[in-house]
Amino acid sequence: MSLQVFNTLSNKKEEFVPIDGKNVRMYACGPTVYDSSHLGHARMAIVWDVIQRYLRSVGYNVTFVRNITDVDDKIINRAKELGISPDQLARQYTFEYWRDMYALNVMAPDFEPKATEFIAPMIQFVRELIDAGHAYEANGDVYFDVASFNDYGKLSKQNLEQLQSGAREQVRTQEDLASIKKNPVDFALWKSADEGELGWPSPWGYGRPGWHLECSTMIRTVLGESIDIHGGGEDLVFPHHENEIAQSESLFKKNMAKYWMHNSFVQVSAEKMSKSLGNFKTIKSLLENYSADTLRLLILQTHYRNPIDFTADSLAAAKTAVLRLVRAAALDAELEQNGDVPAKVRDAIAETEKQFSDAMDNDFNTAVAISALFSLGDKVFQTKDASEQKAYAAALVRLAKVLGFTLADTRKKIEPETAKGVMDLVLELRKNARENKDYATSDLIRKELAQLGINVMDAPGGATWEKA
RNA sequence: GGCGGCAUAGCCAAGUGGUAAGGCAGAGCUCUGCAAAAGCUCCAUCCCCCAGUUCAAAUCUGGGUGCCGCCUCCA
């Protein structure tokens, strides 16, 4: 079965055929770095991580670009609140984002452009749009002339009339803009800024680039005028991606992306998890109690285009489930392979691998792919023969890796608090031995502990210990 | 108002024309000094409701009901 992907543009699954043979160019809209990332951002990152991992695993040469938006009103406002500069704030949250991504075992993108590094190409892009008659300057701002682009609305399935009637309602709150723009749906390519505010000089005066512009510009610069996959969260369909299409396609006269893919949201109590609603769990806080694998399983057990309703129960369920996979996978490292793997085992593995790839080929059906992982886990424990167990466990690890699971065995890693409890217990047992005049045992305990690098010191008030 | 999506067991969640994957929770048994792990077995006559198409529908069509997202920053 060939790979099928759901294309937002056509609203149906299509066979995946890259523009350039085995080379796949993909771009995902990354974060605006003005605050900590939450589970919703983790979902987006993990979904795209899995997509690119799978494409690589089936032999594509993937170039994956994920940008960082570090110029934005939200950044500026937040920085003002905190009394620091916007670029300082952006850098701080960029670092935090990287830390979160690393902790989640999300692969680094091949390129990670930042908006601030693309000011000059963005200005150039705007200039070209003006020259081509698709944009106009007004009071130091530059707007995209939506009416000049016939395909406007093709991604979000809206037509211009509908948007205009909708836009008129909102325009009441921004009447100053209504007088400047030719059309209420026209969007800013360049926004003038006051001196002292974050901004750059441009042919139209001091100002900042519009949000949509950076992605069009980065894609053009880094990947080219037409790419294979462009994606992001479903809320980006309109207006963000629609506007990117308008910018890029009106200028280049070719499809910006062949496949548009959008992931659904994480909800809390059937409501969207978002920064504006304040009902979010940060990645950082979740990772304090749950492993990266647990969060990944929670996310990938739901198909990427369906919403996930986040609950404490589902998180706990994922944690238990991961533990089972970890136990099975651990046997890969623990066991030895003796001789050839029997044909029936090889066949069983091949069959499961086929189930896995069939599921992934079906628009990245990770939920079904994961069931293949559990099926391998079952086989590991159902088999008595160590060599066969090893073969199944190795297959499990291999497939799990395609989905980005580490299956890291942390079962023996104990926290300092727990270690302290264990030492208390050991010293209690030693104390009992001493009280029974069983000095052989008490001396043995002290000697063994010393070899482990722990010194036990008897004192009138009882024994204490410290790391040597 | 416009556009789009969702409704499957106690919970999470696949399936989208051929007779209900998987995970969690639960029950029984095996193993076992106890416990945990592991194994075996069981756990939706039925997929929001109604009507229709079909030999056959959770899956298609029409009509309801409920919920959600986008149209304004948002992954």
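Every chain is numbered from 1 and lettered A, B, ... according to where its sequence line falls, protein lines coming before strand lines.
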For this session: Using atom NE2 of H212(A) as one end and atom C1' of C73(B) as the other, report the distance to the nearest whole Å.
Result: 10 Å
Exercise. Is there a Watson-Crick or G-U wobble partner for G4(B) with both distances under 3.5 Å, and which nucleotide is it?
Worked result: C68(B)
Exercise. Reckon N306(A) touches a base, only the sugar-phosphate, or nothing at all at heavy-atom distances under 4.0 Å?
Worked result: sugar-phosphate
Problem set entry | Opposite nucleotide pairing with C46(B), Watson-Crick or G-U, both atom distances under 3.5 Å | none
Exercise. Taking only N and O in the side chain of R324(A), is any of them less than 4.0 Å away from OP1 or OP2 of A37(B)?
Worked result: no
Seminar exercise, completed: Contacts of A318(A) and T302(A) projected onto RNA chain B by closest heavy atom; the upstream (5') one is T302(A)
Problem set entry | Side-chain N or O of W211(A) closer than 4.0 Å to phosphate OP1/OP2 of C74(B) | yes
For this session: Ignoring hydrogens and angles, state whether a donor on the side chain of S156(A) or E242(A) is under 3.5 Å from an acceptor on the partner side chain.
Result: yes
Exercise. Nearest-Å distance, CG (L298(A)) to P (A13(B))?
Worked result: 9 Å
Exercise. Do you see a donor-acceptor pair shorter than 3.5 Å between the side chains of T311(A) and D313(A)?
Worked result: no
For this session: Could you measure between the two P atoms, the one in C42(B) and the one in A36(B), and give it in whole Å?
Result: 23 Å
Problem set entry | Pairing of D73(A) and R208(A) as salt bridge, 4.0 angstrom limit | yes
For this session: Kindly point out which of G39(B), A14(B), G23(B) is positioned nearest to the side chain of H303(A)?
Result: A14(B)
Exercise. Taking the same atom, P, in G5(B) and in C60(B), what whole-Å distance lies between them?
Worked result: 12 Å
Exercise. Can you tell me how far C1' in A51(B) sits from the matching atom in U41(B), rounded to whole Å?
Worked result: 42 Å
Exercise. If you measure from the C1' atom in C40(B) to the same atom in U54(B), how many Å do you get, rounded?
Worked result: 41 Å
Seminar exercise, completed: RNA chain B nearest-nucleotide lookup for S264(A) and G377(A): closer to the 5′ end is G377(A)
For this session: Would you indicate, yes or no, if C6(B) has its OP1 or OP2 atom less than 4.0 angstrom from a side-chain nitrogen or oxygen of Q267(A)?
Result: no
Exercise. For A25(B), what is the paired nucleotide under Watson-Crick or G-U wobble rules, both distances under 3.5 Å?
Worked result: none
Exercise. Counting only Watson-Crick or G-U wobble pairs whose two distances fall under 3.5 Å, which nucleotide matches U19(B)?
Worked result: none
Problem set entry | Atom-to-atom span, CG of L104(A) to P of A75(B) - whole angstrom | 16 Å
Problem set entry | Interface residues of residues 227-239 of chain A with RNA chain B (non-hydrogen, below 4.0 angstrom) | G232(A), G233(A), E234(A), D235(A), L236(A), F238(A)
For this session: Compare the minimum distances between each of C74(B), A38(B), G22(B) and the side chain of F381(A), then state the nucleotide with the smallest one.
Result: A38(B)
Exercise. In whole Å, what separates the P atom of U32(B) from that of G22(B)?
Worked result: 30 Å
Exercise. Between the side chains of N243(A) and Y152(A), is a donor N or O closer than 3.5 angstrom to an acceptor N or O?
Worked result: yes
Exercise. With sugar-phosphate meaning primed atoms plus P, OP1 and OP2, does A367(A) contact a base, only sugar-phosphate, or nothing at under 4.0 Å between heavy atoms?
Worked result: base
Problem set entry | Nearest-Å distance for atom pair CE/P, residues M261(A) and G5(B) | 17 Å
Exercise. CZ of F111(A): more than 12 outside heavy atoms within 6.0 angstrom?
Worked result: no
Problem set entry | Among A14(B), C74(B), C12(B), the nucleotide that comes nearest once only the side chain of N365(A) is considered | A14(B)
Problem set entry | Nucleotide paired to A51(B) in any strand shown, Watson-Crick or G-U, under 3.5 Å | U61(B)
For this session: Could you measure between the two C1' atoms, the one in A44(B) and the one in C12(B), and give it in whole Å?
Result: 15 Å
Exercise. Could you state the interatomic distance from CD (Q301(A)) to CZ (R296(A)), rounded to the nearest 0.5 Å?
Worked result: 13.5 Å
Problem set entry | Length of the CG-C1' vector between D293(A) and G23(B), whole Å | 15 Å
Exercise. Is the number of heavy atoms from other residues, nucleotides or ligands under 6.0 Å of K157(A) NZ greater than 12?
Worked result: yes
Exercise. Is the number of heavy atoms from other residues, nucleotides or ligands within 6.0 Å of CD (Q337(A)) greater than 12?
Worked result: yes
For this session: Using the C1' atom as the reference point in each nucleotide, state the distance between A14(B) and C47(B) in Å, no decimals.
Result: 12 Å
Exercise. Is any side-chain nitrogen or oxygen of N11(A) closer than 4.0 Å to OP1 or OP2 of G4(B)?
Worked result: no
For this session: Please work out if H262(A) contacts a base, only the sugar-phosphate, or nothing of the nucleic acid, heavy-atom cut-off 4.0 Å.
Result: nothing
Problem set entry | Atom pair distance, as rounded to whole Å: CD in E96(A) and P in A75(B) | 14 Å
Exercise. Going 5' to 3' along nucleotides 28-36 of chain B, which nucleotides have protein heavy atoms under 4.0 Å from the base (write B), which only from the sugar-phosphate (write S), and which from neither (write -)?
Worked result: ---------
Problem set entry | Residues D385(A), K344(A): salt bridge by 4.0 Å N-O rule | no
Exercise. Of all the choices, A14(B), G39(B), G22(B), which nucleotide is nearest to the side chain of F374(A) once you look at every atom?
Worked result: G22(B)
For this session: Could you verify whether a donor N or O on one side chain and an acceptor N or O on the other, from Y392(A) and D378(A), lie under 3.5 Å apart?
Result: no
For this session: Among the candidates A25(B), G23(B), G69(B), find the nucleotide nearest to the side-chain atoms of T320(A).
Result: A25(B)
Exercise. Under a 4.0 Å N-O cut-off, is there an ion pair linking K191(A) with E197(A)?
Worked result: no
For this session: Measure from NZ or CZ of K281(A) to the centre of the six-membered ring of F310(A), then state whether that distance is under 6.0 Å and the direction lies within 45° of the axis.
Result: no
Problem set entry | Interatomic distance where CZ belongs to F364(A) and P belongs to A14(B) [whole Å] | 16 Å
Exercise. Who does C73(B) pair with, Watson-Crick or G-U, both distances under 3.5 Å?
Worked result: none
Problem set entry | Between A58(B) and C50(B) - C1' atom distance, rounded Å | 16 Å
Problem set entry | Separation of atom CH2 in W260(A) from atom P in G4(B), rounded to whole Å | 19 Å
Exercise. Looking only at heavy atoms, which two atoms of A42(A) and L104(A) are closest? And how far apart?
Worked result: CB-CD1, 3.8 Å
